[in-house]
**Q** 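Pasting a structure here, questions to come.
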Amino acid sequence: MVRVLGIPFANLTTFEVVQHGKQYLADDKPHVIITAGPEFVMQALANSSLLAIVKKADLITPDGIGIVLAAKWYGTPLKERVTGVELTSQLIAYAAQAGLRVYLLGASQDALQAAIETLKKQHPMLMLAGRNGYFTEEDTEAVIQSIKTFAPHLLLVGLGQPKQDQFIDRYRDELHIPLAMGVGGTIDVLAGKVKRAPQFFQKAKLEWFYRLCKEPRRFRRQLALPIFAWRAFRDAVGTRARQ
Ligand code: UDP
């Protein structure tokens with residue numbers, strides 16, 4: 001476990017997180033994985049009920065190079081960045097092979113449809129259902145019923161953060177799904193609507209910059225990044241001075 005601004009991140013590789021995920025999928029109790037980047041950490045620190053949700057998760061993975069960098073400042077480096085996109089494709093591949101049901105909740109109807117088609121092509125045996133992520137409070141009961149009827153082993157919720165994590169927490173006990181995970185814009189990535197940054201940007205740890213150029217509306221959200229860096233740096237220096 002590595003703490004960054006008090007948030008306990010699992011110090012595991014993507015492969016190791018998937019192994020944990022497989023154990024959760026075989027378990028009778030509900031489990032939650034949260035993938036958290038710097039923006040989400042800042043949201044959680046500003047909202048005590050969200051922070052409580054984060055601390056209840058079975059695993060929190062560092063989904064952002066900012067978290068990996070900050071962990072180094074604390075003198076407790078993390079093994080690697082573990083993204084929601086990567087976990088999603090590996091857990092879905094496992095579910096297809098193990099005969100487990102997967103439910104995708106989120107994104108526009110077009111993106112959801114395209115993502116389902118892509119996944120069915122990749123994994124013809126996959127038991128997959130889904131619902132787009134645009135529904136009102138009144139429709140929520142019908143959404144919950146549709147998930148209950150399908151009874152997935154794996155629920156992937158792409159409603160954006162923190163909405164998806166609040167949704168999972170609110171219905172965790174009622175739905176009683178072995179593994180639920182918030183996946184942000186992953187359904188759009190699966191649909192081919194949003195491309196991950198080219199390898200060059202990923203390797204240079206500049207994926208955030210690539211996304212900013214492609215989607216300038218993210219600028220406001222990315223303002224959280226320098227604030228995160230400053231707070232984490234100060235906290236890391238303080239933590240190391242006390243050791
Ligand atoms: N979304 C949704 N319902 C909403 C708001 C957002 O399904 O009410 C979807 C949106 O279509 C997108 C995802 O949530 O697929 C959020 O993607 P974004 O890249 O903003 O999330 P991040 O990965 O940065 O958390």
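What you see below is based on every heavy atom in this structure, not just the backbone, and it leaves out hydrogens, waters and symmetry mates. For ligands, and for the atoms within them, numbers begin at 1 and follow the listed sequence. All residue numbers refer to positions in the sequence shown, counting from 1.
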**Q** Name each donor-acceptor pair under 3.5 Å that joins a side chain in residues 178-193 to protein atoms two or more places apart or in another chain, with its distance.
**A**
{"from": "Thr186", "atom 1": "OG1", "to": "Val183", "atom 2": "O", "distance (Å)": "2.5"}

**Q** Ion pair present between Arg81 and Glu86, side-chain N to carboxylate O less than 4.0 angstrom?
**A** no
**Q** With a 4.0 Å cut-off on N to O distance, would you call Asp58 and Arg172 a salt bridge?
**A** yes
**Q** Could you pull out all residues at least two apart from Lys79 that satisfy salt bridge (Lys or Arg N to Asp or Glu O under 4.0 Å)?
**A** Glu16
**Q** Distance under 4.0 Å, heavy atoms only, partner ligand 1: which residues pass?
**A** Gly106, Ala107, Gly133, Tyr134, Gly158, Leu159, Gly160, Gln161, Lys163, Gly184, Gly185, Asp188, Arg211, Arg218, Arg221
**Q** Please output the side-chain donor-acceptor pairs of residues 94-108 that fall under 3.5 Å, not counting sequence neighbours, one pair per line with the distance.
**A**
{"from": "Arg101", "atom 1": "NE", "to": "Phe150", "atom 2": "O", "distance (Å)": "3.0"}
{"from": "Arg101", "atom 1": "NE", "to": "Ala151", "atom 2": "O", "distance (Å)": "2.8"}
{"from": "Arg101", "atom 1": "NH2", "to": "Ala151", "atom 2": "O", "distance (Å)": "3.0"}
{"from": "Tyr103", "atom 1": "OH", "to": "Ser146", "atom 2": "OG", "distance (Å)": "2.6"}
{"from": "Ser108", "atom 1": "OG", "to": "Ala111", "atom 2": "N", "distance (Å)": "3.2"}

**Q** For the atom pair CZ (Arg3) and CG (Asp235), what is the distance rounded to the nearest 0.5 Å?
**A** 11.0 Å
